[in-house]
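Letters A, B, ... are given to chains in the order of the sequence lines, protein chains preceding strands, and every chain is numbered from 1.
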There are 2 protein chains.
Amino acid sequence: MSTATARDRLIDTAQELFAARGVGATSPRAVLAASGVGQGSLYHHFPTKHDLAVAAVGATVEDALARAMHDLRGESPAVRRVVDYLERPRDALAGCRIGRHTSDQAVMDDEGLRDVVTAYFVRLLGVLTEAFREAGLPDDAAGDRAHAALAIVQGGYVLARATQDPDALTAAVRGFVGLLTQKESM
Amino acid sequence: MSTATARDRLIDTAQELFAARGVGATSPRAVLAASGVGQGSLYHHFPTKHDLAVAAVGATVEDALARAMHDLRGESPAVRRVVDYLERPRDALAGCRIGRHTSDQAVMDDEGLRDVVTAYFVRLLGVLTEAFREAGLPDDAAGDRAHAALAIVQGGYVLARATQDPDALTAAVRGFVGLLTQKESM
DNA sequence: GTCTATAAGTTGATAGAC
DNA sequence: GTCTATCAACTTATAGAC
């Protein structure tokens, strides 16, 4: 339906399949079938599955970072921005499109691909740490609290998938935000 | 060098491989090779991969629950027990042996197998909620805080794997415990 | 750039001897 | 109960025509 190039259609389809099933469990053939592109085209644009995965996961990381930065880099007070980020609506039962790859051997055994995932989390942790510093915490405590905040989101996804209950993620966020916003939260 | 039966060796080996690579990425052949058991024996004891997975993941869940209950069911004050559970040493870079399965389609698409994973988390959430209730929180808040506590552990594993840094898990725990143990934490 | 055909290896599982 | 041999389907590609 699109005037999109074969390459773009391959990346779009791969992003969706990798997010839904993981990289290891998604065959190049599955991407071909879902995208409607021919076999030769895939291997023309992406000689190996690794190349396709780096392109698709890289695109997903860029999208996710852009959205996160929108929440975390606003005008409101630092803790408010973190809470906005934590409380943003998420498709909990689908799991995190990027965090899920940490359990995928096809990703973790591939250095270039793993680096893409690492960069996403390092970047998020950096911005969250900066926010907590801005809120007045010393460096060590700001880093620890940033790790806790991001762990709440990632762990909330795991709990939601495990219990098949999307509210498990929102409950984890509520529990954390409750502690975060009580008086003397420093 | 064991007198263990072929069946026991198969379950032990499968537990390790499923924990390290996931169920979907571990072939019955890999379990055979690592256990030293013959092909016929596997399919005698476990007619399908599903049967092996239910036995192996079920055994892992039982082990993990027993250890968690040891921490969470002691004599000390409720919040102290939760903190002991959170601060217990963990092999962060290996990831959670059970939580990782929430990203494994081979597990999540198999109802019986998924139920084993669900039961583990429902049980843990129940015990954690009870502890926070015992600490004086009303039911809703106790449930939310229990979700947050367990999300910290699961999310901490994800962050440690993503950044290839085991201290990412301990940092998340420190950040959460800091909030948890400040005055007026109710 | 895109296609169809095909290769060599692996997957989950079965057959049938011992 | 345990073994080796084998299976059809699928995996990640490659070959070569259009």
TODO: Kindly point out which of dA13(C), dT6(C), dC3(D) is positioned nearest to the side chain of Val37(B)?
DONE: dC3(D)
Task: Thr118(A) and Asp115(A) side chains, donor-acceptor separation under 3.5 Å - done: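 Judged by distance alone, the side chains do not pair up.
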Whole angstrom value for the distance that separates [atom2] of [N] from [atom1] of [X]:
X         : N       : atom1 : atom2 : value
Phe46(B)  : dT11(C) : CZ    : P     : 19 Å
His44(B)  : dC18(C) : NE2   : C1'   : 15 Å
Leu32(B)  : dT2(D)  : CG    : C1'   : 12 Å
Leu10(A)  : dG1(C)  : CG    : C1'   : 12 Å
Tyr43(B)  : dA5(D)  : OH    : C1'   : 14 Å
Asp109(A) : dT12(D) : CG    : C1'   : 16 Å
Gln39(B)  : dG12(C) : CD    : C1'   : 10 Å

TODO: Would you state whether a donor and an acceptor, one from the side chain of Arg29(B) and one from the base of dT10(C), lie under 3.5 Å apart?
DONE: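 For Arg29(B), whose side chain was compared with the base of dT10(C), there is no donor-acceptor pair (under 3.5 Å).
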Open item on the list: dC3(D), OP1 or OP2 - any side-chain N/O from Ser41(B) closer than 4.0 Å?
Closed with: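 Yes, Ser41(B) has a side-chain N/O under 4.0 Å of OP1/OP2 on dC3(D).
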Open item on the list: Just N and O in the side chain of His45(A): are any of them under 4.0 Å from OP1 or OP2 of dT2(C)?
Closed with: yes
Open item on the list: Regarding Gly38(A), tell me which of base, sugar-phosphate or nothing describes its non-hydrogen contacts under 4.0 Å with the strands shown.
Closed with: sugar-phosphate
Open item on the list: For the residue pair Arg67(A) and Tyr120(A), would you count it as a cation-pi contact if the rule is NZ or CZ under 6.0 angstrom from the ring centre and within 45 degrees of the ring axis?
Closed with: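 Because its charged atom misses either the 6.0 Å distance or the 45° angle limit, Arg67(A) does not stack over Tyr120(A).
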Task: Single-linkage hydrophobic cluster, 4.5 Å side-chain cutoff, Met69(A) and Val79(A) together - done: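 In one cluster with Met69(A): Val79(A), yes.
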Open item on the list: Which heavy atom of Ala151(B) sits nearest to which heavy atom of Leu159(A), and what is that distance?
Closed with: N-CD1, 3.8 Å
TODO: Between Ser27(A) and Gly40(A), name the one whose nearest nucleotide on DNA chain D is closer to the 5' end.
DONE: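 Here Ser27(A) is the residue nearer the 5' end.
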